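Only a predicted model underlies this, so the values are computations on that prediction, with no experimental measurement involved. Reckoned from all heavy atoms, side chains included, excluding hydrogens, waters and symmetry mates.
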Amino acid sequence: MFHLLVLLCFLASLQSHAVTISPVSDLVVANGNVSPDGFNRSAVLAGGIHPGPTIGDTFKINVTNQLSNESMLTSTSIHWHGLFQHNSNQMDGTAFVTQCPITPEHSFLYEFNAGDQVGTYWYHSHYGVQYCDGLRGPLIIYNPQDPYRSLYDVDNESSIITLMDWYNLPSPLVPRQVIPDSVLINGVGSYPGGPDMPLAVINVQPGTRYRFRLLNMACKSNYIFAIDGHNLTVIEVDGQYVQPLVVDSIQIYAAQRYSFILETNQPVDNYWVHADPDAGTNATAILRYAGSPDADPNNRTALNLAALDETSLHPLYPPSSRLLQEPDVTLNLILGKNLSNFNFLINDVQYISPSIPVLLQILSGAMTAADLAPNGSVYTLPRNKTIEVVFNPDNSPGGPHPFHLHGHTFARYNYVNPVMRDTVDTGNTGDRVTIRFITNNPGPWILHCHIDWHLYTGLALVFAEAPEDVAASQPVNNASMQLCPLYNSIPQQYFPLPPID
């Protein structure tokens with residue numbers, strides 16, 4: 001049995017605050033004013049803070065929707081990113097794939113078991129681009145049998161590092177050419193021309209080994225992460241143990257996670273922590289050794305000479321040998337963009353959420369791609385087969401696109417002895433990133449770009465995996481069935497996309 005821990009983690013005033021709550025808990029989603037980069041705005045908050053809670057093992061989280069600010073979405077859903085949801089597809093939290101959104105003044109109990117999954121995950125709204133307004137937080141499942149436990153001394157809420165982009169406008173008003181206003185490190189940042197903001201501080205003791213858990217919970221940005229004067233020994237990727245790899249910087253795409261061990265073996269001092277985004281202004285925080293002054297570090301930034309190369313990541317435990325054999329099904333996905341409305345396409349089809357969740361369509365008897373909505377965006381897959389997906393990003397600007405598959409991990413087949421993970425960048429023009437996974441989890445699972453603005457404008461599809469087995473393996477409770485009638489009984493919000501400049 002893995003250690004069940006629910007933490008409320010927030011770095012509001014550059015101190016790490018953690019509140020342990022019961023795994024059978026109420027999580028209130030409500031509007032509240034925050035100013036993480038010095039600009040005060042209404043946001044969508046879990047538990048009244050941003051970023052919000054971290055959860056593991058057996059979950060019974062009663063999400064209560066108290067949203068009322070109609071400048072943003074007021075219904076909601078929560079996806080537990082990276083958890084497989086074996087036999088609990090209805091709890092995946094993906095609006096219009098596995099459920100209808102939770103309406104204001106109503107609640108929904110997310111109840112499921114994480115099985116033998118351990119590691120670094122997160123949760124976020126999966127309705128429109130709502131998580132860009134603040135509904136997101138880390139989710140950590142600690143493992144008492146961690147094979148690397150002898151290599152570190154500290155692994156708790158103080159060693160969680162979250163990276164996020166932040167927008168000073170409500171998400172429906174953010175221009176199509178998305179540029180974040182700021183980068184938040186542990187919930188703290190600043191924007192050009194804004195007020196002076198204190199930097200986030202990560203406090204450490206000298207002569208100690210820390211397991212840091214690094215999460216990119218951004219809506220768009222990828223970051224180059226580094227800490228001056230310190231090596232980072234990577235031991236986990238997206239919840240999967242890897243052979244230790246020593247680097248001095250990590251490029252981390254939206255929705256990805258890494259655990260690394262850092263030894264505080266340098267002179268007692270302050271050291272810069274860097275999160276350099278692919279667009280916008282670089283961000284810094286401070287790694288502060290106990291006994292060092294309350295001051296900014298000296299400017300000792302050096303070039304990173306040992307950047308993480310993903311081809312050098314290898315699994316600690318070998319994946320299924322079936323992934324190295326000829327696949328049973330190969331899907332070629334051509335990522336594109338409609339040049340008249342600038343929405344995204346996969347194989348010439350823009351993903352548009354159906355009015356009835358795909359899971360409920362399957363349970364009503366629709367079993368073929370032709371019968372399932374959205375038409376052209378649902379691909380049926382046979383059970384217990386090896387599936388190969390090849391991405392062609394040549395005509396899809398705005399990349400590299402980080403694609404996430406729900407319900408599974410996959411191997412990047414292009415690499416030798418590849419690590420398993422759940423989010424991968426699809427490369428640049430000319431690249432043909434190829435992933436493989438095994439269909440061992442019946443249900444509808446979305447595959448999508450985790451630049452949330454790209455998902456919102458069509459860069460997604462749904463795998464209907466072994467639809468004939470869904471009714472037996474993925475039972476749906478009455479509370480889940482009631483979400484759609486409630487949602488359909490209220491006036492629907494409509495936020496047209498901002499025009500192209």
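- Scanning for side-chain hydrogen bond (donor to acceptor under 3.5 Å, both in side chains) contacts around Asn440 gives an empty result, with sequence neighbours left out.
- Residues Trp445 and Asn89 have side chains in contact (heavy-atom distance under 4.5 Å, counting atoms from C-beta outward).
- A side-chain donor from one of His408 and Glu465 sits under 3.5 Å from a side-chain acceptor of the other.
- Panel note: side chain Asn332, backbone Val390; no donor-acceptor pair is recorded below 3.5 Å.
- Under a 3.5 Å cut-off, the side chain of Thr457 and the backbone N or O of Trp453 do form a donor-acceptor pair.
- Under a 4.0 Å N-O distance rule, the pair Arg412/Asp431 does not qualify as a salt bridge.
- In this structure Gln130 satisfies the side-chain hydrogen bond (donor to acceptor under 3.5 Å, both in side chains) test together with Thr76, Ser125, sequence neighbours excluded.
- Within the structure, salt bridge (Lys or Arg N to Asp or Glu O under 4.0 Å) pairs that include any residue of residues 384-401 comprise Glu388-Arg436, Asp394-Arg432 (at least two apart or interchain).
- Within the 4.5 Å cutoff, the side chain of Ile346 has heavy atoms near those of the Leu459 side chain.
- With sequence neighbours left out, Asp309 forms a side-chain hydrogen bond (donor to acceptor under 3.5 Å, both in side chains) with Thr311.
- For Cys449, there are no disulfide bond (SG atoms under 2.5 Å apart) partners at least two apart in sequence or on another chain.
- Using a 3.5 Å distance cut-off with no hydrogens or angles, the side chains of Tyr379 and Asn347 do pair a donor with an acceptor.
- Interatomic distance, OG1 of Thr74 versus CG of Asn69, reported as 9.0 Å (0.5 Å rounding).
- With sequence neighbours excluded, the residues satisfying side-chain contact (heavy atoms from CB on, under 4.5 Å) with Pro374 are Tyr351, Pro354, Ser377, Val378.
- Contact record, Ala373 with Gln361: N-OE1, 2.8 Å, taken as the closest heavy-atom pair.
- Residues meeting the side-chain contact (heavy atoms from CB on, under 4.5 Å) test with Tyr487, sequence neighbours left out: Ser75, Phe96, Cys100, Pro101, Thr103, Tyr127, Gln492.
- A distance of 12.5 Å separates CD1 of Ile61 from OG of Ser107, quoted to the nearest 0.5 Å.
- In this structure, the side chains of Cys484 and Pro357 come closer than 4.5 Å at one or more pairs of heavy atoms.
- A ring pair (Phe, Tyr, Trp, His ring centres under 6.0 Å) check over residues 460-486, counting only residues at least two apart or in different chains, returns the pairs Phe437-Phe463.
- Pairs of residues two or more places apart, or lying in two chains, never qualify as salt bridge (Lys or Arg N to Asp or Glu O under 4.0 Å) while including a residue from residues 83-110.
- Side-chain N or O atoms of Asp165 include none that pairs as donor or acceptor with a backbone N or O of Ala218 at under 3.5 Å.
- Formation of a donor-acceptor pair under 3.5 Å by the Thr439 side chain with backbone atoms of Pro382 is found in this model.
- Side chains of Pro402 and Gln256 form no contact here, defined as non-hydrogen atoms less than 4.5 Å apart.
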Steps toward ring-ring contact (aromatic ring centres under 6.0 Å, His included) verdict (Phe212, Tyr210): CA-CA 6 Å; Phe212 281 103; Tyr210 289 82; 5.6 Å; yes
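- With ring centers used as reference points, Tyr258 lies 6.0 Å or more from Phe260.
- At least one side-chain heavy atom of Leu316 sits less than 4.5 Å from a side-chain heavy atom of Pro147.
- Taking the six-membered ring where tryptophan is involved, the planes of Phe59 and Trp80 are tilted, since the angle between them lies from 30° to 60°.
- Side-chain atoms of Tyr241 and Asp146 form a donor-acceptor pair, as typed in the model, at a separation below 3.5 Å.
- Counting all heavy atoms, side chain and backbone alike, Ile446 lies closest to Ala460 at CD1-CB, 4.2 Å.
- Here Glu236 pairs with Thr120, Arg211, Ser259 under the side-chain hydrogen bond (donor to acceptor under 3.5 Å, both in side chains) rule; sequence neighbours left out.
- How far CG of Asn477 is from CD of Gln482: 10.0 Å, rounded to the nearest 0.5 Å.
- Around atom CG of Leu333, more than 12 heavy atoms belonging to other residues, nucleotides or ligands sit under 6.0 Å away.
- A heavy-atom distance below 4.5 Å is not found between the side chains of Asn392 and Leu335.
- Panel note: side chain His314, backbone Asn417; a donor-acceptor pair is recorded below 3.5 Å.
- A donor-acceptor pair under 3.5 Å is absent between the side-chain atoms of Gln240 and the main chain of Val419, judged by distance alone.
- One side chain, Gln85 or Ser88, offers a donor N or O that lies under 3.5 Å from an acceptor on the other.
- Judged by distance alone, with hydrogens and angles left aside, the side-chain atoms of Tyr110 form a donor-acceptor pair with the main-chain N or O of Ile78 at under 3.5 Å.
- One N or O on the side chain of Asn216 and one on the backbone of Ser221 form a donor-acceptor pair closer than 3.5 Å.
- Interatomic distance, OG1 of Thr162 versus CZ of Arg136, reported as 8.5 Å (0.5 Å rounding).
- Ring pair His450/Trp122: centre-to-centre distance below 6.0 Å.
- Pro138 is listed as a side-chain neighbour of Met217, based on a closest heavy-atom distance under 4.5 Å.
- The shortest heavy-atom contact between Ala30 and Leu67 is C-CD2, 3.4 Å.
- Taking the centre of each ring, Phe344 and His401 come in below the 6.0 Å mark.
- At distances below 3.5 Å, not a single donor-acceptor pair connects side-chain atoms of Gln90 with backbone N or O atoms of Gln474.
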Candidate pair His448 and His406, rule side-chain hydrogen bond (donor to acceptor under 3.5 Å, both in side chains), full reasoning: CA-CA 9 Å; His448 65 91; His406 291 214; 3.3 Å; yes
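- Under the disulfide (SG to SG under 2.5 Å) criterion, no residue pair touches residues 314-343, with sequence neighbours excluded.
- For the residue pair Ser158 and Val154, the shortest heavy atom distance occurs at OG-CG1, 4.2 Å.
- Between the side chain of Asp328 and the backbone N or O of Thr386 there is at least one donor-acceptor pair closer than 3.5 Å.
- Note that the CG atom of Asn338 and the CG atom of Leu345 stand 5.5 Å from one another [nearest 0.5 Å].
- Here the CZ atom belonging to Phe391 is positioned 9.0 Å from the OG1 atom belonging to Thr434, to the nearest 0.5 angstrom.
- The two residues Pro397 and His454 make their nearest non-hydrogen contact at O-CE1, 4.4 Å.
- In plain terms, the two heavy atoms of Tyr148 and Val242 that are nearest each other are OH-O, 2.6 Å.
- Every pair passing disulfide (SG to SG under 2.5 Å) that includes a residue from residues 104-149 is listed here, sequence neighbours excluded: Cys132-Cys219.
- Between His81 and Tyr131, the closest side-chain pair of non-hydrogen atoms is not below 4.5 Å.
- Within 6.0 Å of CD in Glu70 there are 12 or fewer heavy atoms belonging to other residues, nucleotides or ligands.
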